Structure formats: C-alpha cells, structure tokens
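Input: a single structure, listed below in structure tokens.
Note that this is a predicted model, so its numbers are computed, not measured. We name chains A, B, ... by the order of the sequence lines, and we start the count at 1 in each one.
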Amino acid sequence: MSLLRAEHVTKIFGRKAAEAQRKLNAGADPAKLRGLGVTPAVVDASFEVERGEIFVVMGLSGSGKSTLIRMLNGLLGTTSGRVLIDGQDIAKLSPKALRALRQEKISMVFQHFALFPHRTVLANAAYGLEVRGVPKEEREKKAREFLGLVGLDGWEDKVPGQLSGGMQQRVGLARALAAGTDIILMDEAFSALDPLIRREVQDLLLELQARLDKTIVFITHDLNEAMRIGDRIAVMREGRIVQIGTAEEILTEPTNDYVAQFVADVDRTRVLTAASVMEKPLVTVPANTGPRTALRTLREHQASAALVVGRDRRLVGKVSAAVIADAVGDGGRSLDELIDPEDVAPVRPDTPVADLFARAAESDLPLPVTDEHGVLLGVIPRVTLLAALGAINTHVEALIESAEPEKEGSPVDA
Amino acid sequence: MTHDVLASDLPRVPLGDWFDKAVTWLTDHCGWLFDGIGSAVESVVDGLVDVLTFPPALVLTVILAVVALVLRGWKLALFTLVGFGLIDSMELWEPAMDSLALVLVAAVVAVVIAIPIGVLAARNDTVSRVVRPLLDLMQTMPAFVYLIPAIFFFSIGVVPGVVATVIFALPPGVRLTELGIRGVDKEMVEAGEAFGAAPRKILGGVQVPLAMPSIMAGVNQLIMLSLSMVVIAGMVGAGGLGGVVLEGINRVDIATGFEGGTAVVVLAIFLDRVTSALGDRTPVAKAAARR
C-alpha cells in the first residue's frame, strides 16, 4: 500500500463552497464558478506516493499546489475527497490524533523557512521532538546529529537571523528530518534561494534522500528543479493535475499542449539520459574469436576499431583493425593480448546526456553504455549526441523511439 | 409636537435616563461587589504607597537610578537621579509616590485585562468585532463622563481614580496585543501546526513571543495613558500630583501647577524609557539584535 494517497481531493474556498462542489460534480466548468464568489483551488486531484519516493508537484503560481500540499497534512481541510496516510483517512481523525499524526508521520519544510527567530538553530532543529515531548538532552542530541548531516556543525548556538538563506533552509530541513517522520512535505522549499545555492541544497536533498529514504512530496514552480529531483512529477494547472509521470515521460509524451509548452524550454540534455539516446552497436567483436575472424568482421563493417564483449556480454575492451592486422601478419593466434581494456570508459544508462559530450569527444569509438555489472547495453555514436544537442523535439523523439527496443531487449550481438 | 427650531422631528430617545437607571440599578444591586473591588484596590494602592515611601526619598531615587542603569544605560540613570531629586527638593515626593502607586496599580490591572482580551480578539474574529467599538468608546468617551458613575459606585477617593485610569488606558494594550498576534507570520504558525503542536503551545511558544515587541509597545502606551489620567484622578479625590496640579489651577498658582506638572513629566519619561527597555529585552528583540 502506498504511504500517502490522495483520492479526488478538491478544495474550494468561499462561502458557497458546497454549492460550487455540487455544480462541479454536475460537470460545471471550474472557471465559471468564480461567479459564485468561490475559488476552486484544487479540483479532483488523485495520486499515490510510494515509500521512498520524491514526488514533485509542479505548477505555476495560482495552480493550487500550495493548497494541495496543505491538505496532505490537514493544515487545510478538503471540500471533498480523501487524504490517506498509511491507509488512515486524516479527515476522520480528532484534532488530537491529527496532531499526533503530524508529530510521528509527516513533517514539513516551508518556502520562507518559517524558523522561529527567537530560538537558537539547535532549538529550531529540535522543535519537532520538543513538541513530541522528547527530553531535552535526547532531542538536542538528535538535532545536533541532523544539523551535522546538513552541514551546519558549529552553528547550533546562533539564531536564524545570523544565517544566510541557504543555511536557514538547511535548518528547516534538519528540523523536518530530526522529527523522524517518514513523510516530509516541502512547500517551494528552495524557491526563495539564489540559483547557485538552490542547486547546492537540491544536491544535499538528493544525497540525504539516498541515505535516509524518506517519502517526500515536493512543491515547485521550477520545471528544471522538478526534473532534477523528482522520481515522479505531477503537473498542475488551474487546480487540476494534468499529468503524472517521470521527468522523461513528461518530456517525451506530454499529455496535452499545456504540458508540451511548459516543457519546451527545458534543457533536455539534463533530463534525457544515456539510455534514451543509446543505439544498438553496429559492430562488436566477441572476445573468444580468433584475430582473423575479428579482422574480417571489422572489414565487413568498414570499421577501424570495435568494442570487444565477453561471453556474458560484458564489455572487455576495444580492438583496432590496425593492431589486429599487425598481429595476424606476425602469426598471432589469440585476440586476448590485442584487446585494449583501457580507454573505453563506459557510461551508465542514467547518465544525463549533458555529461556525455566531453567523453564522446575523447574517444574515437561510440560511447559504450553498460549496467552495473559491466554488461554492454548499447552505444552512443557522436552523431546521435550532436542530434540531442540540437534539441529539436522531433529529432530527439525520433532518436528515443529508435533507442526504445534496446532498453528492454538484448542490445548486443556480433 | 413642538415646532421649536432646536427640537427634533424624531421622538426623543432617553439614552441618558436609561444609563442613569442602569447605574442606579447597579449601585442598588451590586453594591457588595463594588465595595469589595473598592476596598481591594484601595488596600493594594495604599500598600504600594507604603512600600514606595518606606525608604528615604534619596535611597529610592538611587534604587530607581540603578534600575535605569541596568535596563537602559547611564543616561537614563543620570536623568533619574536629577529628576527624582528635583521632585524631592520641590517637596512633591509624597504626592509623586501616591501617583506612581496609582499608575502602577492601574497599569497592572489594565495589562492583566488587556492582554487576554487582545489574544482572544486575535484568535476570534467575532470577539474582535465586538471588542473594537467598545475600545473606541473607552478611548473617546470623555473621561469625566465615566468618572461620575465611578464615584457613584466607589465614592470619592483613589479607587474611582484607578477605575477611570484603567478604562482609559486599556485600549492600546488590547489593540497592540491583537495587532501583534495577528501580525505573526502565518508560516510560523503553520510550522507549529505542521509539527503537531497544540494551539496552546503555538500561542505560548510562537505567537506571544513573536508578538512580544508589539505587546510591550502596547504596555508602554498603556502606562503613558495612565499617567495622563493623573490630573483627572486628582479631581475625584485620588490626591497625588493630580491634587497638586488642581490646587495650582484652583488658586491660579502658576508655580504650584508647573511644579506638579513637571513631576508628572519626570515620572512619565522614567516609566516610558524603562518599559521600552523591557521591550528590547524580549527574546525576539534580542535575537534581532544579534544579527
């Protein structure tokens, strides 16, 4: 069961919310409800967040994302629909039980940090535990630990006003982490920070997430941020979720023009990965063939060099036609000593395309893509990379389609 | 219906009569309550006067100067020495202490009433809507008007003086408390809620501390207004510096009036600087100063 679930969640602000809800149910256009003096902030939003996932909700300001996140921990009630945490409908909880739920299961990081200015950094980080009634010594120990994790050793006795914005949000993060909840809601948590600092705390978040395996709902209006940190992304527009998918799905298969326009300016080389642009290698040489066969294979393909794969399709190295030709002339019988295991530098399928250019420039062969066991999955010729750099949508999409079979199927044969 | 130029075409609403009847009814039926309040207030004020006049004037002057030094600095300490010394040399020490006691008691009572009402008004729009016109009334109704029923309830002396002072001084305490708490960043309150803090903990741990500078400004204003009532309190027989000033007015004695007024100003400056220094010592203000 998913840890956090929203079912048809709707929030309408205004006195006539109930009437507006009835009209909505009857199929009225939300935009026309404003005549009633109501604001439909979130309309019929449904999604599930799995344990250990970073789920990003992305939309422009006014799209209802802040309202949505506040319904997930009950700061705002829903007009209709349900929010389930661990299978528990939070609307059914008494105020006391809801407070207990927030203490134990779901904490929050705020856009403007919301640190208490009259408390020290340490006391801020320990706040969640203090509310829970954890004894002072224990909670301060925990808070110190998490302040260390976010890189704020030695700042414990300062007050928030003495810290830069980036550092303050690290305290906000430490406060949420120290509370020890499984779920963390992050409301535009990095939006108030300078771009460089923002990148730094994004990296920090990803690093911490790899270690702590939290379940995070992250709100942002920054598509690049969404693509960078989200395992899955929900795109919101005018209160509705218009698409949910991975960054690549949203880039390559936008459900409508709105999403397509939204993603038009994204730096694709940061989102597309080696896996999505790699191709089936035209030629590889099995490691157990003899030099003569290898040479023939190369000549057939008019290649001056090729990657060598072992029996289990692991990448072994490369051979060049010139070296083999010399060896054959000298009467060599084994290919083994002719293989150059250096200089192949395989990349992983999840490497962003942006990081491939430098490598591709260094090598005369197509870049090999291997999995964690060294098995060759595909190759990326320079031409393909240049096409991706061109970032012309149709071009890239075509490339992705042609690369598709290799993602699942057997990529290599000789 | 008469056709006098000054007469209204509307039927006469006997507002004054109703109020008069209400006051009479209250004196008849709640006399015991007013007697109780009256004697309590009187004994507290008298006790405080005893405390203030127990040490010799110069000793108390030095004590107050030390308080000023600790809370504010040497300038205020010097002012305190000179100012209170002046009061003593003008032979106004006793009336000054009478007035100080009256003001302090009235201010404490007003603070004790004002802050909870301000907190309630900040948390509840209905309370706020009800309280606001009442505060307007208390601030703008000429003090003499409620001085008369106060004399009915408590007879002449220090008690109606305290009551009138409390009524007049209360509003800024309520208003600035409400304003301060409503002005606390919404995200701060949400942070408290999001971590599962109970409303009472959010009030005590987040809202009140963050509103403290504003609340202290309210307390400061409240004390200043209390002092401005000293002369009016003197009119109902509360004595003190108000009595001195009135005596000056009645006898057209410029010297007496000016000296009494000067003593009021000395008290006012001292209390203002000390209470605003207290405002600077709130945790929020201290944290801001560390920046």
Side-chain angles (χ1 to χ4, degrees), chain A residues 66 69-70 72-76 93 95-121 123-133 157-164 171-172 175-176 178-181 183-188 192, chain B residues 71 115 119-120 122-126 128-129 176-177 179-219 276-291:
Chain A
S66 281
I69 202 173
R70 279 165 174 71
L72 299 182
N73 63 353
L75 284 180
L76 288 174
L93 295 172
K96 201 175 163 203
L98 182 61
R99 289 199 293 272
L101 178 97
R102 289 175 186 158
Q103 289 170 15
E104 287 154 22
K105 290 195 177 150
I106 185 162
S107 57
M108 193 161 177
V109 181
F110 293 85
Q111 181 173 8
H112 302 292
F113 325 135
L115 300 177
F116 303 126
H118 57 302
R119 291 166 152 254
T120 61
V121 165
N124 265 293
Y127 184 72
L129 295 169
E130 183 187 324
V131 170
R132 256 166 107 161
D157 298 326
K158 305 277 190 229
V159 292
Q162 292 172 295
L163 274 56
S164 68
V171 180
R175 176 172 67 178
T181 57
I183 308 173
I184 299 180
L185 305 178
M186 302 185 73
D187 178 23
E188 298 255 13
Chain B
L71 289 178
I115 291 181
V119 169
L120 274 177
R123 290 160 73 85
N124 186 316
D125 288 343
T126 313
S128 177
R129 272 196 296 272
L176 282 162
T177 301
L179 188 73
I181 288 182
R182 282 187 187 266
V184 170
D185 187 352
K186 195 169 148 269
E187 230 185 24
M188 299 279 176
V189 179
E190 271 190 336
E193 289 174 356
F195 283 90
R200 188 175 295 207
K201 263 209 96 164
I202 295 175
L203 181 68
V206 179
Q207 289 171 297
V208 169
L210 291 182
M212 216 24 140
S214 172
I215 295 176
M216 285 309 294
V219 169
S276 64
L278 283 176
D280 294 341
R281 295 169 86 83
T282 56
V284 174
K286 271 202 268 184
R290 279 176 73 181
R291 201 167 292 189

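With chain B as partner, the option from A/Arg119, A/Gln111, A/Arg132, A/Lys96 having the largest number of non-hydrogen pairs under 4.5 angstrom is A/Gln111.
Nearest approach of B/Ala194 to A/Met108, heavy atoms of both residues: CB-CB, 3.8 Å. Across all their heavy atoms, B/Ala191 and A/Phe116 have their closest contact at CB-CZ, 4.2 Å.
Interface remark: A/Leu163 contributes no atoms to any contact with chain B (heavy atom separation under 4.5 Å). When heavy atoms are compared at a cutoff of 4.5 Å, A/Tyr127 approaches chain B solely by way of its side chain, counted from C-beta outward. There is no contact between A/Leu98 and chain B, counting heavy-atom distances below 4.5 Å. Residue B/Ala285: no heavy atom, backbone or side chain, is found under 4.5 Å from chain A. If you measure heavy-atom distances from A/Glu130 to chain B, the contacts under 4.5 Å come from both the backbone and the side chain.
Here the side chain of A/His118 pairs a donor or acceptor atom with the backbone of B/Gly205 at under 3.5 angstrom.
Residues B/Met188 and A/Pro117 meet the side-chain proximity criterion, which asks for heavy atoms closer than 4.5 Å.
Listed by first and then second residue, the side chain to side chain donor-acceptor pair (under 3.5 Å) pairs that reach into residues 183-202 of chain B are A/Arg70-B/Glu190, sequence neighbours excluded.
To the nearest 0.5 Å, the span separating CD on A/Gln103 from CZ on B/Phe195 amounts to 11.0 Å.
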